[in-house]
Amino acid sequence: MALNGEPPPWDEFDSSAYLKDNYVVLRDDDRQIVELVRDFFVGATFDVPLKGVDVGSGTNIYPALAMLPWCDHLDLCEYSAQNVEWLKNEIRAYSDSWDPFWDVLSEKPAYQAIDNPREALLKRAQVSKESIYELPADTWDIGTMFFVAESISDQAAEFELAVRKFVAALRPGAPFAAAFMENSTGYDVGALRFPAVSIGLSDVRDLLAPCTTDLAVDSIGPGSDPLREGYTGMILARGRAAAE
Ligand SMILES: C[S@@+](CC[C@H](N)C(=O)[O-])C[C@H]1O[C@@H](n2cnc3c(N)ncnc32)[C@H](O)[C@@H]1O
């Protein structure tokens, strides 16, 4: 977790600034990702109810919302004390700015079946302070990890370990969606700089192929509206955890 040899200041992560920079408006690239993840989970067959996990949730609840129809329990595992507090507060009654994300999900009947997504998230989600590197193996039936493995370190070996730990935390056959920033040089949150490992689509595919099945990996371009400088797009992987 090094940044020039120092661990990044996760407990000082400015949750409000990150939320404002990334999620108060539904961006076109996030809409594409929500649609692809929604359609993947709708098409994946499994026995319900499931125990789900979102790893490194930060101030993003759309991965959790995407798993909601199938989960009677959802763990939101986050390492930063600030983001843990933000998540605990947000799930009490999530803000209206997430409604456009839910509207995209609700284009499919599985999501329409949830009358009150705010109440469902509050009942089913549990926030905990946990590191991706310490996740128990073979534990969850469905999982998401968005912009975490490549965005918590500048060390390629730590990116690779994080991806392997995420997949290992899933039971064999568990469907997952994982998103990555492409060629990221790091990012500012408020006044602080956070690290990244610069990765591309083939890095994600090569890493996931040996430990997954049914793998699909896509690039999502920033179009005419990049989020910030210092990245070239987003990468979305979907698949199932393979048996060890
Ligand atoms: C770039 S943010 C992504 C947040 C969110 N998932 C999203 O989609 O925007 C990276 C997140 O990983 C969290 N994080 C940092 N180190 C972690 C670790 N060891 N285990 C789990 N999460 C970690 C950070 O606190 C932060 O919330």
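Residue numbers start at 1 and run along the sequence shown. Both counts, for ligands and for their atoms, begin at 1 and track the order of listing.
For ligand 1, one of its N or O atoms has an N or O atom of Phe146 under 3.5 Å away. Note: no N/O pair closer than 3.5 Å links Phe147 and ligand 1 by distance alone. Residue contacts with ligand 1: Val148 is placed with no nitrogen or oxygen under 3.5 Å of a nitrogen or oxygen of the ligand (distance criterion only). By the 3.5 Å distance cut-off applied to N or O atoms, Tyr133 is not counted among the residues near ligand 1.
Heavy-atom proximity to Ser80, at under 4.0 Å, picks out these atoms of ligand 1: 25 (O). Counting the atoms of ligand 1 from 1 in the order shown, those under 4.0 Å from a heavy atom of Asn60 are 5 (C), 7 (C), 8 (O), 9 (O). Annotation for ligand 1: atoms under 4.0 Å from non-hydrogen atoms of Asn83 are 25 (O), 26 (C), 27 (O). Using a 4.0 Å cut-off to heavy atoms of Tyr23, the atoms of ligand 1 that qualify are 7 (C), 8 (O), 9 (O). Taking every heavy atom of Glu130 and a limit of under 4.0 angstrom, the matching atoms of ligand 1 come to 20 (N), 21 (C). Near Gly58, meaning under 4.0 Å from one of its heavy atoms, ligand 1 places the atoms 4 (C), 27 (O). Residue Tyr79 approaches ligand 1 through these ligand atoms, each under 4.0 Å from one of its heavy atoms: 14 (N), 16 (N), 17 (C), 18 (C), 19 (N), 20 (N), 21 (C), 22 (N), 23 (C).
Of the possible polar contacts, one joining the Tyr111 side chain to the Ala66 backbone as a donor-acceptor pair under 3.5 Å is found. At distances below 3.5 Å, not a single donor-acceptor pair connects side-chain atoms of Asp188 with backbone N or O atoms of Gly190.
More than 12 heavy atoms of other residues, nucleotides or ligands shown are found within 6.0 angstrom of NZ on Lys129. For Asn116, the CG atom is densely surrounded, since the number of other residues' heavy atoms within 6.0 Å is greater than 12.
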Name every donor-acceptor pair, under 3.5 Å, that has one atom in a side chain of residues 100-108 and the other anywhere in the protein, sequence neighbours excluded.
{"from": "Trp102", "atom 1": "NE1", "to": "Ser106", "atom 2": "OG", "distance (Å)": "2.9"}
{"from": "Ser106", "atom 1": "OG", "to": "Trp102", "atom 2": "O", "distance (Å)": "2.8"}
{"from": "Glu107", "atom 1": "OE1", "to": "Arg38", "atom 2": "NH1", "distance (Å)": "2.9"}

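Residue Asn22 places no heavy atom under 4.0 Å from ligand 1.
Contact of the Lys51 side chain with the Asp75 side chain is registered, since non-hydrogen atoms from C-beta on lie closer than 4.5 Å.
Between atom 5 (C) of ligand 1 and the options Ser151, Ser57, Ala149, the minimum heavy-atom separation is to Ser57.
With sequence neighbours left out, Thr213 forms a side chain to side chain donor-acceptor pair (under 3.5 Å) with no residue at all.
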Can you list the steps and then say if Asp218 with Arg238 is a salt bridge (charged side-chain N to carboxylate O under 4.0 Å, His left out)? CA-CA 9 Å; Asp218 290 295; Arg238 287 91 71 215; 2.8 Å; yes
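For Tyr187, every heavy-atom contact with ligand 1 shorter than 4.0 Å involves the side chain, none the backbone.
Shown are Thr59, Asn89, Asn83; of these, the side chain to side chain donor-acceptor pair (under 3.5 Å) with Ser15 is made only by Asn83.
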